[in-house]
Amino acid sequence: MIIGSHVHFNEEQFLGAVKEAVSYDANAFMFYTGAPQNTKRSKINKEYIEKGLKLMQENNISLDNVIVHAPYIINLANKEKIESWDFSISFLKNELKRCDELNVKYLVLHPGSSVKYTKEEGINNIIEALNIVLNEKYNCMILLETMAGKGSEVGSNLEELKTIITNVSTKIGICLDTCHLNDAGYNLDNFSNFLEEFSKILDLNLIKCIHINDSKNVLGSHKDRHENIGYGTIGFNNLLNIVNNSKLKDVPKILETPYVNKDDNSKELLYPPYKFEIDMLKKGIFNNNLKDNIRDYYK
Ligand code: FE
Ligand code: FE
Ligand code: ZN
């Protein structure tokens, strides 16, 4: 099973990300190359890359299973303020360059929100922007993430993603997100059925990453609030089926589930759940003491 989680990229940058992944017994990981909500980016440190690669080798982690997530302030769908749209384009180019420096093969991108534009116009704005970005060649491939359909988000149905993919000059892929699929209205009770539906629209080989999250909300709610594995409306067995699906066995599975609070009365989310959620999925047995086990381990 190729499984890991979101990790940090701070003082020790790439090396720190690998260390954190190793601490969760993960063989895959994903990070933002800076804060997700802003575009401040520090220079990539080469020494940390070398040390990180060495640590990956020692722990049998392949570069195929390392993902970068683009900051969510990039919005290619909205052209209302042309300076912002241009900035999103140049920032995305820069992010792809950083991925190439880091030897990272996949960059996950939210397609964008159309805001005052219609969906169709938003989709055209995305296509235009991606074709500008991909005028230059990068080793790193962009993966469009399936979205929950919150507000005016583009990408909550597979047809929209197909329109983008078929009109972009360079090959781009897909990142499934289980919480987003559920919230968008795709029932994951029978994942084989979903994959069959997917394969009628898009090639299954385009799926290069899967975000594994439970959802706090019901099917089709268009909310996008992640829940810990087995504690939401998708449920443990459905998520277990997804991570064990033979057609997607080489695709890295990345957890983006919420941190656990200090105690039930605290709003402060302190402890990462990933070590325990990864263990639970590898063993295939639901742990109904997950939060207490996490608190005991980290406190
Ligand atoms: Fe995302
Ligand atoms: Fe996601
Ligand atoms: Zn989400």
Side-chain angles (χ1 to χ4, degrees), residues 1-74 91-92 94-110 138-143 145 173 175 177 208-213 226 228-229 243 250-260 269-279 281-282 294 297-298:
M1 189 184 291
I2 299 164
I3 190 159
S5 70
H6 161 77
V7 296
H8 297 91
F9 183 86
N10 32 37
E11 299 97 83
E12 290 188 311
Q13 295 193 346
F14 191 71
L15 176 61
V18 181
K19 281 183 181 171
E20 188 179 345
V22 168
S23 81
Y24 302 147
D25 305 314
N27 55 4
F29 59 95
M30 180 180 81
F31 58 90
Y32 291 91
T33 73
Q37 69 277 16
N38 70 44
T39 49
K40 269 182 238 135
R41 292 292 179 267
S42 51
K43 205 177 168 304
I44 304 270
N45 179 313
K46 288 229 165 71
E47 202 185 312
Y48 289 140
I49 298 178
E50 274 162 42
K51 287 183 175 164
L53 288 172
K54 193 162 168 275
L55 189 59
M56 280 171 66
Q57 233 170 23
E58 287 164 11
N59 288 280
N60 278 316
I61 306 176
S62 159
L63 269 171
D64 293 338
N65 304 326
V66 180
I67 316 282
V68 165
H69 198 306
Y72 37 74
I73 51 150
I74 291 183
F91 192 82
L92 183 55
N94 197 35
E95 201 71 354
L96 284 161
K97 250 182 248 158
R98 288 164 71 81
C99 287
D100 280 356
E101 267 184 81
L102 288 160
N103 312 298
V104 169
K105 295 179 181 168
Y106 303 112
L107 175 70
V108 171
L109 175 72
H110 294 179
Y138 303 93
N139 294 320
C140 180
M141 184 193 274
I142 292 174
L143 308 181
E145 183 166 352
C175 170
D177 183 308
K208 305 294 186 192
C209 177
I210 312 178
H211 291 165
I212 304 291
N213 305 303
H226 301 187
N228 291 107
I229 303 301
V243 297
D250 297 327
V251 178
K253 323 290 185 307
I254 301 290
L255 300 160
E256 301 174 300
T257 46
Y259 274 38
V260 171
L269 300 176
L270 280 182
Y271 308 128
Y274 308 124
K275 185 184 176 65
F276 288 82
E277 289 180 331
I278 289 170
D279 181 61
L281 289 166
K282 280 186 189 165
I294 292 166
Y297 183 80
Y298 286 105

- [ ] Take H69 and E256 through the test side-chain contact (heavy atoms from CB on, under 4.5 Å) and record every step on the way to the result.
- [x] CA-CA 11 Å; H69 198 306; E256 301 174 300; 4.1 Å; yes
Open item on the list: To the closest 0.5 Å, what do you measure between OH (Y32) and CD (E95)?
Closed with: 10.5 Å
TODO: Apply the test side-chain contact (heavy atoms from CB on, under 4.5 Å) to residues I67 and V104: give CA-CA distance (whole Å), side-chain angles for both, the deciding distance (0.1 Å), then the verdict.
DONE: CA-CA 6 Å; I67 316 282; V104 169; 5.7 Å; no
Task: Identified side chain to side chain contact (heavy atoms under 4.5 Å, CB included) counterpart of L255 within the set I229, V243, N228 - done: I229
Open item on the list: Could you check whether any side-chain heavy atom of H211 comes within less than 4.5 Å of a side-chain heavy atom of H226, counting everything from C-beta outward?
Closed with: no
Task: Close side-chain approach of M141 to L107, heavy-atom, < 4.5 Å - done: no
TODO: Go through the steps to decide whether Y259 and Y274 satisfy the test side-chain contact (heavy atoms from CB on, under 4.5 Å), and finish with yes or no.
DONE: CA-CA 9 Å; Y259 274 38; Y274 308 124; 3.8 Å; yes
- [ ] Could you tell me which non-hydrogen atom of F31 sits nearest to which non-hydrogen atom of A17, and how far apart they are?
- [x] CD2-CB, 4.1 Å
Task: For V66 against F14, the heavy-atom pair lying closest together - done: CG1-CE1, 4.2 Å
Open item on the list: For a 4.5 angstrom cut-off between non-hydrogen side-chain atoms, does L55 reach K19?
Closed with: yes
TODO: Please identify each residue that fulfils ring-ring contact (aromatic ring centres under 6.0 Å, His included) with Y106, with sequence neighbours left out.
DONE: none
- [ ] Indicate whether any N or O donor in one side chain lies under 3.5 Å from an N or O acceptor in the other, for D177 and N213.
- [x] yes
TODO: Would you sort out whether I142 and L96 count as a side-chain contact (heavy atoms from CB on, under 4.5 Å), showing the intermediate values?
DONE: CA-CA 8 Å; I142 292 174; L96 284 161; 4.0 Å; yes
TODO: Could I get the full list of ring-ring contact (aromatic ring centres under 6.0 Å, His included) partners for Y138, not counting sequence neighbours?
DONE: none
TODO: Taking the side chain as every heavy atom from C-beta outward, state whether E277 and T257 have any pair of such atoms under 4.5 Å apart.
DONE: yes
Open item on the list: Using modelled atom types and a 3.5 Å cut-off, is there a donor and acceptor pairing between side-chain atoms of N139 and backbone atoms of K105?
Closed with: no
Show me the donor-acceptor pairs, under 3.5 Å and distance only, between side chains in residues 2-11 and residues at least two apart or in other chains.
| residue | atom | partner | partner atom | Å |
| --- | --- | --- | --- | --- |
| H8 | ND1 | E20 | OE1 | 3.1 |
| H8 | ND1 | E20 | OE2 | 3.4 |

Open item on the list: So, taking the atom named CG in N59 and the one named CD in Q57, what distance separates them when rounded to the nearest 0.5 Å?
Closed with: 10.5 Å
Open item on the list: Set out, in order, the CA-CA distance, both residues' side-chain angles and the distance that settles side chain to side chain donor-acceptor pair (under 3.5 Å) for Q13 and N45, then state yes or no.
Closed with: CA-CA 7 Å; Q13 295 193 346; N45 179 313; 5.6 Å; no
Task: Heavy-atom check, side chain of I254 versus side chain of C209, under 4.5 Å - done: yes
TODO: Could you pull out the closest heavy-atom pair between K275 and S23, with the gap in Å?
DONE: NZ-O, 3.6 Å
TODO: Identify, with sequence neighbours excluded, every residue that meets side chain to side chain donor-acceptor pair (under 3.5 Å) alongside K51.
DONE: E47
- [ ] Mind listing the closest non-hydrogen atom pair of T33 and L102 along with its distance?
- [x] CG2-CD1, 4.1 Å
Task: Side-chain heavy-atom pair M56, S62 within 4.5 angstrom cut-off - done: no
Task: Qualifying salt bridge (Lys or Arg N to Asp or Glu O under 4.0 Å) pairs, either residue in residues 52-61, two or more places apart - done: K54-E58
Open item on the list: Are V18 and V22 packed together at the side-chain level, in the sense that at least one heavy-atom pair is separated by less than 4.5 angstrom?
Closed with: yes
Task: Non-hydrogen atoms of P252 and K208 that approach each other most closely - done: CD-O, 3.3 Å
TODO: Name the orientation class of the two ring planes belonging to Y298 and Y271 (parallel below 30°, tilted from 30 to 60°, perpendicular beyond 60°).
DONE: parallel
Open item on the list: With heavy-atom distances below 4.5 Å as the criterion, would you say the side chains of V68 and V108 are in contact?
Closed with: no
Open item on the list: Tell me every residue that passes side chain to side chain donor-acceptor pair (under 3.5 Å) with D279, counting only those two or more places apart in sequence or in another chain.
Closed with: K283
Open item on the list: Show the nearest heavy-atom pair for residues I294 and V260, with the distance to one decimal.
Closed with: CD1-CG2, 3.8 Å
